[in-house]
Number of protein chains: 2
Amino acid sequence: MSGNAREAILAAGRLSAQSHGYGGLNMRELAAEVGIKAASIYHHFPSKADLAAAIAERYWQDTKAWLEEVAAANGDPKAALKKYPETFRMSLENGNRLCLGSFLGAEYDDLPEQVRQQVQTFADVNIGWLADRLVDAGLTDEKGSEAQARSIFAAVAGAQLLARSRSDISLFDTMIDSFQEAGLMPG
Amino acid sequence: MSGNAREAILAAGRLSAQSHGYGGLNMRELAAEVGIKAASIYHHFPSKADLAAAIAERYWQDTKAWLEEVAAANGDPKAALKKYPETFRMSLENGNRLCLGSFLGAEYDDLPEQVRQQVQTFADVNIGWLADRLVDAGLTDEKGSEAQARSIFAAVAGAQLLARSRSDISLFDTMIDSFQEAGLMPG
DNA sequence: ACCTGAACACCGTTCAAGT
DNA sequence: ACCTGAACACCGTTCAAGT
């Protein structure tokens, strides 16, 4: 409708993809949510692959902006790191949804190349941000920071995946606590 | 051919599900791999949902048997725990495949009830085995053992998910090393 | 018992054609 | 530009019929 069908498609598409993945992203349903016909989506995106790539691109851009806000608002890098799991937690709160990067990561074999690239960038954004905080906090040397950052990213994503399949956010919180107590990430 | 089409369907179906998930499991393709027609699968399994449930059930049974072997072969529970990531590593080696529990966990919203139950049991088997080893090793008290076990399971699954999307087993190994060095799990 | 061709109802995707 | 009807390809599934 009116203002911007493209933006409405992106927003609804993101939510659907976080619930059902790339394969489960349904063009007719998505169109209905936006108030148009499925064929009309193709006026805004040349294909489902391009739509998914645009959704994933927007997803990492939003994530990056959020992470930068967190870093700016928390001078202490340890305090910033403590906030990191919050986006994953919000996905669970918002309809028990999965991180889009995790869902698309699972579907990686069947993903069009454009989508794969955005999934990689999403991971790079997360790992890069974490590595920068870890170095700033003096928790790792520069050499090992990326490896440590990757481990944190993977562990938090894994915790979200498991908590989601039980529809139980408290499990997510407990797992994050365990990671922090073990010293995998600062708490 | 031969002895047992049902077993061949289960074996090929498991591999396909670990690559493409439940939604991506294709009856016609699966039949072709086994050397029969799609309609013939229904002689062995009443529906795709029942087939997937049987695949997932067999999957946790195989996992459980493997874990019990590892426990039996390693009197030292820490040595057994050190071997735990090995099954996840083997999946990556075997065609860059994902743990079936992780893939179905991502698709949880769209899973038939029979399949969901087997996914839960798979998680329970892993967490129960880990909790038993942790208690035996004196690494946790009985009260906190399940929470600790869940964290290990989630972290290892997350590491596999991320390593798979890069098709890079060395990333998996490095993340496991990080988990062990942090003390999340014994190394 | 075990398998199959053919068909069914459905659904995502695409394109030619409308405004 | 923006949208759509309708065709297309493919899906899980059924069933009468074959061995």
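Protein chains get the first letters and strands the later ones, always in sequence-line order, with residue 1 at the start of each.
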Testing D/dC3, D/dT13, C/dG5 for proximity to the side chain of B/R28, the answer is D/dT13

Quickly work out the B/K37 NZ to C/dG5 P distance and round it to whole Å. 5 Å

B/N4 CG to C/dA1 C1', in whole Å, measures 12 Å

Hydrophobic clustering (ILVMFWY, side-chain heavy atoms < 4.5 Å, transitive) - are B/V125 and B/L10 grouped together? yes

Under a 3.5 Å cutoff, is there a donor and acceptor pairing between the side chains of A/Q18 and A/S91? yes

When you measure from the side chain of B/K48, which nucleotide among D/dG12, D/dT14, D/dT4 comes out closest? D/dG12

Hey, can you tell me if A/F122 and A/Y59 have their rings parallel, tilted or perpendicular (30° and 60° cut-offs)? tilted

So what does B/L25 touch, heavy atoms closer than 4.0 Å: a base, only the sugar-phosphate, or nothing? sugar-phosphate

Output the rounded distance in Å from CG (B/D110) to P (D/dC11). 18 Å

B/N26 side chain near D/dC10 phosphate (N/O to OP1/OP2, under 4.0 Å): no

From C-beta outward on B/M27, which listed nucleotide comes closest to its side chain: D/dT13, C/dT14, D/dC3? D/dT13

In this structure, how many angstroms lie between the C1' atom of C/dT13 and the CZ atom of A/F45, rounded? 16 Å

Return the nearest nucleotide to the side chain of B/I36; candidates are D/dC3, D/dT13, C/dC3. C/dC3

Answer yes or no: is there a donor N or O on one side and an acceptor on the other, between the side chain of B/K64 and the main chain of B/W129, under 3.5 Å? no

Please check if any side-chain donor atom of A/Q120 sits under 3.5 Å from a side-chain acceptor atom of B/R166, or the reverse. yes

For D/dT4 and A/S40 - does any side-chain N or O of the residue sit under 4.0 Å from the phosphate oxygens OP1/OP2? yes

Taking B/M175 as the starting point, is it possible to reach A/F153 by hopping between hydrophobic residues whose side chains are less than 4.5 Å apart? yes

Please determine whether residues A/M90 and A/F103 belong to a single hydrophobic cluster, defined as Ile, Leu, Val, Met, Phe, Trp and Tyr linked transitively by side-chain heavy-atom distances below 4.5 Å. no

Is B/H44 close enough to C/dA1 that one of its side-chain N or O atoms is under 4.0 Å from OP1 or OP2 there? no

All stems with DNA chain D, defined as three or more consecutive Watson-Crick or G-U pairs under 3.5 Å: C:4-8 with D:12-16, C:12-16 with D:4-8

Here the distance between atom C1' of C/dC11 and atom CD1 of A/I41, to the nearest Å, is 14 Å

Go nucleotide by nucleotide along DNA chain D from the 5' end; which of B/S47 and A/Y42 gets its closest nucleotide reached first? A/Y42

Residue A/A5, side-chain heavy atoms: nucleotide from D/dC3, D/dG12, C/dT14 that is nearest: D/dC3

Modelled atom types, side-chain donor and acceptor of A/Q160 and A/R164, under 3.5 Å: no

I'd like to know if the side chain of A/S47 pairs up with that of A/D50 as donor and acceptor (distance under 3.5 Å, no hydrogens or angles considered). yes

Can A/I9 be reached from A/M27 by stepping across I, L, V, M, F, W or Y side chains whose heavy atoms are under 4.5 Å apart? yes

Between atom CD in A/E29 and atom C1' in C/dC10, what is the gap in whole Å? 13 Å

When the distance from CG of A/L30 to P of C/dC11 is rounded to whole Å, what number comes out? 16 Å

Among D/dG5, C/dT4, D/dA1, which nucleotide has an atom closest to any side-chain atom of B/A39? C/dT4

d(CD1, B/I9; C1', D/dG12) in whole Å: 15 Å

Please tabulate the protein-to-nucleotide N/O contacts below 3.5 Å involving nucleotides 17-19 of chain D, giving atom names and distances.
none

